[in-house]
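Below is one structure, written out as structure tokens, with a few remarks after it.
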Amino acid sequence: MEKRVRLRFAPSPTGGLHMGGVRTALFSYLYAKKHGGDFVLRIEDTDQTRFVPGAEQYIIDSLKWCGIEPNEGVGFGDGPYAPYRQSERKEQGIYKKYADQLIAGGHAYYAFDTPEELDEMRKRLEAAKVVAPQYNAVTRQNMRNSLTLPEDEVKKLIESGVPHVVRLKVPRNEEIRFHDIIRGWVTVNSSQVDDKVLLKSDGMPTYHLAHIVDDIEMKITHAVRGEEWLPSAPSHILIYRYLGLEDQMPQLAHLPLILKPDGNGKLSKRDKSGLPMFPLNWHDPRDQTDYVGYKESGFMPEAFINMLALLGWNPGDNREIMSKQELIDSFSFERVNKSGAKFDPEKTKWFNQQYLRMQSDEQLADAVTPLLEAKGIKKDRAFVIEFCRLIKEKAHFVNEFYDLGPFFFVAPTSYDEKVIAKKWNESSKELFTKLAAKFEGLAVWDTHSLHDAFQEAQTEIGKLDMQLLRVLTTGAAGGPQLFDLLALLGKEETISRLKSALSKL
RNA sequence: GGCCCGUUCGUCUAGGGGUUAGGACACGUCCCUUUCACGGAUGAAACACGGGUUCGAUUCCCGUACGGGCUACCA
């Protein structure tokens, strides 16, 4: 029988969850759902010095907004493997147990070197022109650890409470080969791998030990993470192997990085491409910086995750706009790209535009009404719905509706100068005064009657420029369907605007 | 520097020993439209370079270049 598919998203609460992390969560979620498995949220809070209050809740809120909800884990209900915070799991002695097993098997050792001593070692090695200074099979022989110190002294040091760490004993020269679902086989020589710290001097495990222990204990079948983890994967293979768990280790999938839109390099939270890097507004308590979120920028979560899914993955056909269910049905790690993808703000906006157009005018009105009210604008619902119908084709975001058509709500005070300069002439004033009179005589005020009246006026009084009528009534050179707009504005308002414009020009 | 990973239009990508190298975003042109858009059509635009292997390489192999990642008692 196949093992139940279980994937976890395991962020550390050291700050806001940025979009790269969201994508990692998304891919894991899609795969889990596709195979009817579990998606788990585990909090990797083993670094007490970098703990940021609020970060954990932010991660939970972000996943909820995106619709990437774990069915197990912190904030989503404990499952059979609780607790899901590593700091709490540490209290159960779980990591130490595995570390002790490695020590007993001769694959890990105690090291008593102080930070100063380690620093000294690196400087010494650099001075000796060693290309890659590291704590390894060669250099550990000159350091203070349970491999170099007499057994009774090691015992004495530990008993007297001298701070120490536990390090992985990496062999000097051995090929380490592992398989990645996205990248295929990767081979690294152990001489390039350092003796990673497994247990820190404060008793906390490092990521390297903790994630392995938890993935095993939580029966994780696929470990998905960013490409930046690829270089440490060989260490992890060794840990599984020395623990005798190589046959139970999850399959690895290292995702390509999301790159900056301009230039090169990894997308950072401070990127200034004009689009947010975080799903929700994030206030960083460490430096009192505020970062805007996709949500607050007017993005719909469906558009956001659709865009994210297509960054480094594709369904193998030309589909781009895909619902969450379609993403789930089509997803596979085999179709994830190996190379990094530059984040494209323009395309990202386009995704939101597509989803915007799928919304009904009523739904859009629901979203726009509070934004209008915030500006002190109160209109009846029918007006707002019609406003949405007319303006939506020009917009990428709900929150730009107002700016695309302020003339729906306020009469113009200035008139597009380019259009006036080009089209306004001596006869214009008289022609449009006559048109205003014609409009005034209309018994029915709707799109059709306005259209007909405009046509009739031309045969009666002469050629009228429609864009001029637009500028006179809205002030702007462009906008939605003019007669629809004037119909919505109403007879009184339209004529008042026309007269006002004629008096100024 | 060392190690690892990568490289198809400006960007996201499909494809893969023999193709007019396909799609999308953005851009240009045209059509529709007395306004503004949407829409439709269309155009320009790519296999990093050099060696192999092969009848034939963009595709497979090796180098080079370029890009990225990692190089902590951080994840």
Side-chain angles (χ1 to χ4, degrees), chain A residues 10-15 44-47 49-50 111 113-115 118-119 122 126 129-135 163-167 180 182-183 186-189 191-194 196-208 210-211 225-234 254 256-257 259 261-266 307 310-321 335 337-351 353 357 390-394 404 419 454-455 458 463-471 473-474 476-485:
Chain A
S12 60
T14 51
E44 309 222 328
D45 56 347
T46 54
D47 188 347
T49 62
R50 295 206 309 157
D113 318 280
T114 63
L118 290 170
D119 211 44
R122 278 182 210 108
E126 272 166 35
K129 300 229 193 309
V130 172
V131 286
Q134 57 179 13
Y135 207 113
H164 61 276
V165 301
V166 173
R167 283 183 183 269
D180 182 283
I182 295 169
R183 282 149 213 287
V186 177
T187 308
V188 180
N189 190 283
S191 62
Q192 304 300 326
V193 180
D194 67 340
K196 290 240 164 6
V197 170
L198 266 20
L199 238 36
K200 300 186 259 190
S201 56
D202 64 0
M204 278 287 191
T206 58
Y207 167 83
H208 305 294
H211 92 276
R225 76 225 307 193
E227 191 184 343
E228 70 267 27
W229 289 105
L230 208 46
S232 60
H254 289 94
L257 265 17
L259 273 19
D262 53 332
N264 300 305
K266 186 160 73 159
M307 175 278 293
L310 272 288
L311 214 48
W313 174 84
N314 72 82
D317 50 42
N318 285 336
R319 278 136 77 216
E320 292 199 287
I321 299 302
R335 294 209 65 87
N337 270 298
K338 293 180 178 73
S339 49
K342 277 187 189 169
F343 169 64
D344 184 349
E346 286 306 316
K347 187 89 183 234
T348 301
K349 290 180 194 167
W350 176 81
F351 271 105
Q353 184 183 36
R357 288 181 185 168
L390 294 174
I391 209 79
K392 71 175 174 188
E393 66 187 22
K394 309 174 70 71
L404 287 167
V419 175
F454 188 77
Q455 298 296 4
Q458 295 205 84
K463 173 78 176 165
L464 288 158
D465 188 283
M466 202 162 163
Q467 197 180 19
L468 267 179
L469 176 60
R470 174 183 290 282
V471 172
T473 50
T474 70
Q481 280 293 338
L482 186 56
F483 293 130
D484 282 340
L485 168 61

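Please read all numbers here as calculations on a predicted model, not as lab measurements. Throughout, a chain's letter reflects where its sequence line sits, starting with A, and its residues are numbered from 1.
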How many Å lie between [atom1] on [X] and [atom2] on [N], as a whole number?
X      : N     : atom1 : atom2 : answer
A:R335 : B:C12 : CZ    : C1'   : 14 Å
A:Q467 : B:U35 : CD    : P     : 8 Å
A:K342 : B:U8  : NZ    : P     : 10 Å
A:F343 : B:A26 : CZ    : P     : 15 Å
A:K196 : B:C74 : NZ    : P     : 12 Å
A:D484 : B:U33 : CG    : P     : 17 Å
A:M307 : B:U13 : CE    : C1'   : 16 Å
A:Q192 : B:G2  : CD    : C1'   : 7 Å

Subject >> Those residues that, when tested against A:W350, pass ring pair (Phe, Tyr, Trp, His ring centres under 6.0 Å) (two or more places apart) >> reply: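 In terms of ring pair (Phe, Tyr, Trp, His ring centres under 6.0 Å), with neighbours along the sequence ignored, A:W350 is linked to no residue.
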Subject >> Those residues that, when tested against A:H254, pass ring pair (Phe, Tyr, Trp, His ring centres under 6.0 Å) (two or more places apart) >> reply: none
Hey, does [Y] have a side-chain heavy atom less than 4.5 Å from the side chain of [X]?
X      : Y      : value
A:L257 : A:L259 : yes
A:T348 : A:F343 : yes
A:S339 : A:P256 : no
A:V419 : A:V471 : yes
A:P261 : A:K342 : no
A:I182 : A:W313 : no

Pair partner, [N] [Watson-Crick or wobble, under 3.5 Å]:
N     : value
B:U53 : none
B:A45 : none
B:C3  : B:G69
B:A37 : none
B:U58 : none
B:C25 : B:G10

**OP:** Determine, step by step, whether A:K347 and A:E320 satisfy the salt bridge (Lys or Arg N to Asp or Glu O under 4.0 Å) criterion, reporting the C-alpha distance in whole Å, the side-chain angles of both residues, the deciding distance to 0.1 Å, and the verdict.
**Re:** CA-CA 11 Å; A:K347 187 89 183 234; A:E320 292 199 287; 2.9 Å; yes
Pick the [atom1] atom in [N] and in [M], then give their distance to the nearest Å.
N     : M     : atom1 : result
B:C12 : B:G18 : C1'   : 28 Å
B:U53 : B:C61 : C1'   : 7 Å
B:C25 : B:A14 : C1'   : 15 Å
B:A46 : B:G23 : P     : 14 Å
B:G1  : B:C9  : P     : 26 Å
B:G22 : B:G15 : P     : 14 Å
B:A21 : B:U13 : C1'   : 13 Å
B:C66 : B:A48 : P     : 16 Å

[X] side-chain N/O to [N] phosphate OP1/OP2 under 4.0 Å:
X      : N     : value
A:R357 : B:A37 : no
A:N314 : B:G15 : no
A:T46  : B:A75 : yes

Give one of base, sugar-phosphate or nothing for [X], where a contact means two heavy atoms less than 4.0 Å apart.
X      : result
A:E393 : base
A:V471 : nothing
A:S339 : sugar-phosphate
A:L482 : base
A:A233 : nothing
A:F351 : nothing
A:L199 : nothing
A:G479 : base
A:G226 : nothing

Please determine, for the side chain of [X], which listed nucleotide ([options]) has the closest atom?
X      : options             : result
A:V188 : B:C36, B:A75, B:C3  : B:C3
A:R470 : B:C12, B:C36, B:A75 : B:C36
A:K394 : B:C74, B:G6, B:A37  : B:A37
A:Q481 : B:C74, B:C36, B:C73 : B:C36
A:D47  : B:C73, B:A37, B:C74 : B:C74

Original post:
Step by step, would you call A:I321 with A:F351 a side-chain contact (heavy atoms from CB on, under 4.5 Å)?
Top reply: CA-CA 7 Å; A:I321 299 302; A:F351 271 105; 3.7 Å; yes
For nucleotides 22-25 of chain B, list the nitrogen or oxygen atoms of the protein found under 3.5 Å from its nitrogen or oxygen atoms, one pair per line.
unit_1 : atom_1 : unit_2 : atom_2 : d
B:A24  : O4'    : A:E320 : OE1    : 3.2
B:A24  : O2'    : A:E320 : OE1    : 2.4
B:A24  : O2'    : A:K347 : NZ     : 2.8
B:A24  : N3     : A:K347 : NZ     : 3.3

Subject >> Per-nucleotide protein contact string for nucleotides 64-72 of chain B (B base, S sugar-phosphate only, - none; heavy atom under 4.0 Å) >> reply: ---SSBS--
Subject >> Evaluation steps, side-chain contact (heavy atoms from CB on, under 4.5 Å), between A:D47 and A:K200 >> reply: CA-CA 10 Å; A:D47 188 347; A:K200 300 186 259 190; 4.2 Å; yes
**OP:** Assess whether side-chain contact (heavy atoms from CB on, under 4.5 Å) is satisfied between A:F454 and A:M466, documenting all intermediate values.
**Re:** CA-CA 9 Å; A:F454 188 77; A:M466 202 162 163; 4.3 Å; yes
**OP:** Step by step, work out the side-chain contact (heavy atoms from CB on, under 4.5 Å) result for A:L482 and A:T473.
**Re:** CA-CA 9 Å; A:L482 186 56; A:T473 50; 4.1 Å; yes
Original post:
Does A:Q467 have any side chain to side chain donor-acceptor pair (under 3.5 Å) partners at least two apart in sequence or in another chain, and if so, which?
Top reply: A:K423
Original post:
So, A:S12 side chain and A:D45 main chain: donor-acceptor pair closer than 3.5 Å or not?
Top reply: no
Taking only nitrogen or oxygen atoms into account, show me every contact under 3.5 Å that the protein makes with nucleotides 46-49 of chain B, one pair per line with its distance.
none

